[in-house]
Amino acid sequence: MVHSAYDSFQLLTDCPTKIDAIESYGSKLLLGCSDGSLRIYVSDSSGADRSPPSDPHALRKEPYALERTVAGFSKKPLISMEVLESRELLLSLSESIAFHRLPNLETIAVITKAKGANVYSWDDRRGFLCFARQKRVCIFRHDGGRGFVEVKDFGVPDTVKSMSWCGENICLGIRKEYMILNAPNGALSEVFSSGKIAPPLVVALPSGELILGKENIGVFVDQNGKLLQADRICWSEAPAVVVIQKPYAIALFPRRVEIRSLRVPYPLIQTIVLPGARRLTKSNNAIVVALEKSVYGLFPVPLGAQIVQLTASGNFEEALALCKLLPPEDASLRAAKEGSIHIRYAHYLFDNGCYEEAMEHFLASQVDITYVLSLYQSIVLPKTTAVPEPEKLVDLSLDAPQLSRGSSGMSDDLETFLPQLAESDENSALEFKKMSHNTLMALIKFLQKKRYSIVEKAAAEGTEEVVLDAVGDSFTSSRFKKSNKGRGNVPINSAAREMAAILDTALLQALLLTGQSSAAVELLKGLDYCDAKICEEILHKGHHYAALLELYRSNSMHREALTLLHQLVEESKSNQLQAEPIQKFSPEAIIEYLKPLCGTDPMLVLEFSMLVLESCPTQTIELFLSGNIPADLVNSYLKQHAPNMQGRYLELMLAMNENGISGNLQNEMVQIYLSEVLEWYSELSAQQIWDEKAYSPTRKKLLSALESISGYSPEALLKRLPPDALFEERASLLGKMNQHELALSLYVHKLNVPELALAYCDRVYESSVHQPPAKSSGNIYLTLLQIYLNPQKTTKNFEKRITNLVSSPNASIPKISSATSFKGRGGRKKIASIEGAEDMRISPSNTDSSRSDGDADAEESNEEGGSSIMLDQVLDLLSRRWDRINGAQALRLLPRETKLQNLLPFLGPLLKKSSEAYRNFSVIKSLRQSENLQVKDELYNQRKAVVKISSDSMCSLCNKKLGTSVFAVYPNGTTLVHFVCFRDSQSMKAVSKVSQLRKR
């Protein structure tokens, strides 16, 4: 016997006649005896110690005494009877079926057609009665009064031994098989055979399903006879009667009563020995068993007592099932009992190696996680003030087993336990490892299932604090303290967050002990509340560097993370990382870590980026650029800590956004280039192998920067240049200072590269294309022409002029324009602008008898003993840039001895262009004259307009007749007004305009 579900009590003894049928009505017992009488018994409550019954309609656990006897109740002994409580009727089966009114037993109906019936079934919901006699099944309906109406009558293959309603159908036990009879149409369908020995037995369940007996087995079927499940109720032998009283099925045998659970696997709960038991029925609160001349009552043991029995005997599943049957008003008691049973069951399963099942019951018990974690002493938990001690959570007599846990080869803790188990027994060590791994895996699943709700509460608590802090809740903020996770302010009594810290810290350790390092990393990547100090020590000791980095990141411990990363990178380079030989760390890992920090801690980014700047220069500089760190800050830091990378950073910065780099940084970049070039120049000069036309990569960058950017100070750079070298750089700087003549002189006389001079002129000219004519730099070519024609003049005191230019604080020469003068013999002559070239005329006297400016310059040059003019370069310039040079001014500069034939490449296209322009302007002039004539003709036609004035003509302003008054006509030719009205209207418009202007 598992436990006592029912208490047996003898209700009456020494019945005068044999009992054939038994039923209960309220607290009374109705006995159908073999002599045809009906005996009614009531509880014997005459004793003074009898207390008033709690339920007057329930059987009492007291001796019963005869109240009265109804003799001749039936002519023949009763086969069975049933109380229909909803209709206050007593249904009895004897030679026929009779209905009597309760409680006075008045006969209201006798179904004569049921004469010879041996079995019946009543459908209380619809008031339908079906019975079987011989090979017929009849159906009657109660009409609600004193009569019954026949509904159906069906034939069946053989005599019916057992029957029961199942919805619209009737299940029949016919001799050796079961059949389903469709009540509306009479269709029969076979189910299965009932066995060879025992008669068929049909038992209806409260759910509408059926249990069909097959020998000693009970098979579950639905209302259509289909099998419901593979499990079966196995009785000790074939029962005579089975009644259902949840949660048990009670079966009657000749010498005993068996009580089995209705839960799979339908175990035997209790056996009550009652020799000679003949009848079994169910009352409101008990099971009634009739022997030949006595009656016993089986009263259910209170559920609470049954639960205690089951729990004490270790039948936790049955105890939990009974807890669900506790009444709703005992919800708190039910929850407490269920929790206690779940915990005891969990301990039992844990002790027997069923770790996952144990954790499921810990989860169902809603026990605090610290209680479960107390089973794992190898897991270190953070100290807490808000969580109660585990032993105070539940009141149990069991002692929780204290098991130490380790990993399957991944933890140092496990290795310390193995020698204690069996140093020489490898099998024991392996078994301990397996057990430890299984316990930890079960713990991981438990913590993961608990984690969502706990972390959600902690996050909600944090959100609430942020809101309170935002609205300035001084009372709340005064109770805050700094958490150990670095996640902001945490209340002192933050129970939710402390619990989350315990859970995440334990979960991380369990994952590491079971070798799930990747899962630990994923845990730390999300929202976690791991205790930083404990986890840092564990991760560092176990060499779980990837997880340790995520821990630092989640707790904003970026300096510690970057320090560790740098150490790992250095160890990877030197092949000294022994703990994780597969995992390597590259400098790129530091860069990836720094990317999210650019906006929050730029100084930390700059500090640790210096560690990888030399090994990954491009990626590091791209980090500065993509992270939007202020360029001035980066430049200043690089200048102090990595000056050799400063120029590269500024190069990339300029390439990304030329307008985004300040003039100060542009000047800084050019200064860096110049310093490198000067150092290179010094080295070559010391070796006496300096060549002005040699270009290093840095010098090329310098020249390009001097031309492309404009944010630097040319005066400061010019002071740093050596006087006898780097003339191309000097020329570029002079050009930026608008010293075009000096710049061109350097290209021509110092570098001796006319092509550079021509390219310089082209840049100046093209940069001034979109400028107003007054600022045009077209005369730059004339400046170069003059330098070619008068070399001595341009080279004379050249160095002195540059020195004065550099030393002068406001050294600047205006751009060459139409007002630029060229010195010639006999004074200074102004050169006309290019735009007026087509209006100039060259007379024979000017070209033949007068001397040109070039002649004067040549004579002056000869007088000073200078070099000869560079006529070839002059002619080449004129032929290549004839369309950009003022022809008249160029001719005036040329010496007289210049042959006209040499000027053909210059004059030919120039004259062709001039003649084309002349023709084009002539055509334009003619078209404009024609247009002028057309306008004049239209004006004359408009003036010829005729306006007819009659005596009926009205003024459009005053609406009076014009008469002989002076009038005016509007331009449309039809609107007529008095001249006085027109004048007044014009004066009014003028006044209104003035007033509007004053208002503005």
Side-chain angles (χ1 to χ4, degrees), residues 9-46 56-85 87-122 129 131-133 146 148 240-241 243 252 254 257 274-284 286-298:
F9 184 82
Q10 189 174 23
L11 300 177
L12 63 93
T13 59
D14 301 328
C15 182
T17 57
K18 187 172 66 173
I19 301 171
D20 289 331
I22 188 169
E23 185 58 270
S24 67
Y25 174 60
S27 61
K28 298 180 179 182
L29 286 177
L30 307 179
L31 304 183
C33 299
S34 59
D35 59 359
S37 63
L38 178 68
R39 295 176 178 271
I40 302 175
Y41 287 82
V42 296
S43 63
D44 186 8
S45 56
S46 59
H57 300 289
L59 290 179
R60 302 176 188 176
K61 199 174 181 179
E62 301 171 356
Y64 272 65
L66 180 65
E67 180 186 47
R68 66 184 176 119
T69 301
V70 181
F73 183 78
S74 63
K75 295 181 180 181
K76 291 184 178 181
L78 290 175
I79 298 174
S80 63
M81 59 182 175
E82 180 179 352
V83 172
L84 311 180
E85 290 186 0
R87 301 172 189 269
E88 291 294 320
L89 297 176
L90 174 63
L91 186 159
S92 61
L93 172 62
S94 179
E95 60 180 353
S96 64
I97 296 178
F99 288 88
H100 298 80
R101 179 77 65 187
L102 291 173
N104 55 12
L105 298 177
E106 175 191 359
T107 302
I108 64 170
V110 177
I111 302 176
T112 58
K113 194 174 181 178
K115 188 174 182 179
N118 63 319
V119 65
Y120 72 91
S121 179
W122 171 257
L129 171 70
F131 58 86
R133 62 183 181 86
R146 300 175 63 89
F148 282 80
V241 181
V243 296
L252 177 66
V257 174
L274 292 173
R278 303 178 68 243
R279 296 288 184 267
L280 181 71
T281 188
K282 179 179 69 172
S283 70
N284 290 336
I287 301 297
V288 182
V289 183
L291 282 68
E292 186 171 344
K293 292 187 178 183
S294 60
V295 177
Y296 284 82
L298 305 183

**S43 OG to L12 CG distance, which is reported to the nearest 0.5 Å** = 12.0 Å
**Residues forming a side-chain hydrogen bond (donor to acceptor under 3.5 Å, both in side chains) with R68, sequence neighbours excluded** = none
**Item:** Inter- and intrachain pairs under side chain to side chain donor-acceptor pair (under 3.5 Å), touching residues 113-122, at least two apart
**Value:** E82-Y120, K113-E150, K113-D153, W122-D124
**Message:** Tell me every residue that passes side chain to side chain contact (heavy atoms under 4.5 Å, CB included) with I79, counting only those two or more places apart in sequence or in another chain.
**Reply:** L93
**Prompt:** Looking at P63 and F9, what are the two nearest heavy atoms and their distance?
**Reply:** N-CE2, 3.7 Å
**Prompt:** Is R60 reaching over with its side chain to a backbone N or O of S27, donor-acceptor style, under 3.5 angstrom?
**Reply:** no
**Request:** Could you grab the distance from atom CG of D44 to atom CG of L11, nearest 0.5 Å is fine?
**Result:** 12.0 Å
**Item:** Of all pairs that satisfy salt bridge (charged side-chain N to carboxylate O under 4.0 Å, His left out), the ones with a partner from residues 93-110, not counting sequence neighbours
**Value:** E106-R146
**Request:** List in chain and number order the residues that pass salt bridge (Lys or Arg N to Asp or Glu O under 4.0 Å) with E85, two or more places apart in sequence or in another chain; answer none if no residue qualifies.
**Result:** none
**Set of side-chain hydrogen bond (donor to acceptor under 3.5 Å, both in side chains) partners for E292, sequence neighbours left out** = none
**Request:** Using the test side chain to side chain contact (heavy atoms under 4.5 Å, CB included), find all partners of V241 that sit at least two apart in sequence or belong to another chain.
**Result:** V243, L252, L280
**Fill in**
With sequence neighbours left out, the residues meeting side chain to side chain contact (heavy atoms under 4.5 Å, CB included) with P16 are R39, Y41
**Item:** Atom pair CG (L38) and NE2 (H100), whose distance is rounded to the nearest 0.5 Å
**Value:** 8.5 Å
**Item:** Partner residues of K28 under the side chain to side chain contact (heavy atoms under 4.5 Å, CB included) criterion, sequence neighbours left out
**Value:** I40, V42, E67
**Prompt:** Which residues pass the side-chain hydrogen bond (donor to acceptor under 3.5 Å, both in side chains) test with N284, sequence neighbours left out?
**Reply:** none
Enumerate, atom names and distances included, each donor-acceptor pair closer than 3.5 Å involving a side-chain atom of residues 70-78, sequence neighbours excluded.
{"unit_1": "S74", "atom_1": "OG", "unit_2": "K76", "atom_2": "O", "d": "2.6"}

**Prompt:** Can you pull the side chain to side chain donor-acceptor pair (under 3.5 Å) pairs that have at least one residue in residues 14-25, sequence neighbours excluded?
**Reply:** Y25-E88
